[in-house]
Amino acid sequence: MKILIELPTWLGDSIMATPAIENLTNYFYDSKITLIGSYISIQVLKNHPNVVETHVINKKYSSYYKSLKSIGAFDIFFSFRGSLRSKLMKFFISSNTKYQYDKNKYI
């Protein structure tokens, strides 16, 4: 199963997302994970045994769209961010199932 995970931008938030990523790898046996996010968050998690590919996202919208289209299709997409840029990513990513953090749900 191909899983795309958008990591939080900040280092501490990326580290706190590690248990969720471990739960995903335990639930979806034999999963192949692609990570997408900031340079620092990718560096922390790129050596995970189930991570097969990483992508550092450029924040300029022109290159952002091009990089999202070149990533490919996935079975599941998870985003640990609730920003507008992440909502655009959720729209442009080709995936059967998509999940995204919604900060309004927890207020």
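Since we're looking at a predicted model, the values are computed, not measured. Residue numbers start at 1 and run along the sequence shown.
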Taking [X] for the side chain and [Y] for the main chain, is one N or O donor matched with an acceptor at less than 3.5 Å?
X   : Y   : result
S14 : W10 : yes
K90 : R85 : no
S38 : T9  : yes
S79 : E6  : no
S95 : T97 : yes

Say you draw a straight line from [atom1] of [X] to [atom2] of [Y]; how long is it, rounded to the nearest 0.5 Å?
X   : Y   : atom1 : atom2 : answer
D13 : T18 : CG    : OG1   : 11.0 Å
I21 : N50 : CD1   : CG    : 10.5 Å
S83 : M89 : OG    : CE    : 8.5 Å
L4  : E53 : CG    : CD    : 9.0 Å

Which atom pair, heavy atoms only, marks the closest approach of [X] to [Y]?
X   : Y   : value
S31 : I3  : CB-CD1, 3.7 Å
M1  : I76 : SD-CD1, 3.6 Å
I93 : K98 : O-NZ, 2.9 Å
R81 : S86 : CB-OG, 3.2 Å

Do [X] and [Y] belong together in a cluster built from hydrophobic side chains that touch within less than 4.5 Å?
X    : Y   : value
I5   : V44 : yes
Y101 : M16 : no
V51  : Y29 : no
L45  : I71 : no
F77  : L24 : no

Establish, for the pair K2 and F74, whether the NZ or CZ atom is under 6.0 angstrom from the six-membered ring centre and no further than 45 degrees off its axis. yes

Mind running side chain to side chain contact (heavy atoms under 4.5 Å, CB included) on I33 and T25 for me, showing each step along the way? CA-CA 8 Å; I33 296 176; T25 59; 3.3 Å; yes

Have a look at T54 and tell me which of T34, L7, L35 forms a side chain to side chain contact (heavy atoms under 4.5 Å, CB included) with it. L35

Within 6.0 Å of OH in Y99, more than 12 heavy atoms from elsewhere: no

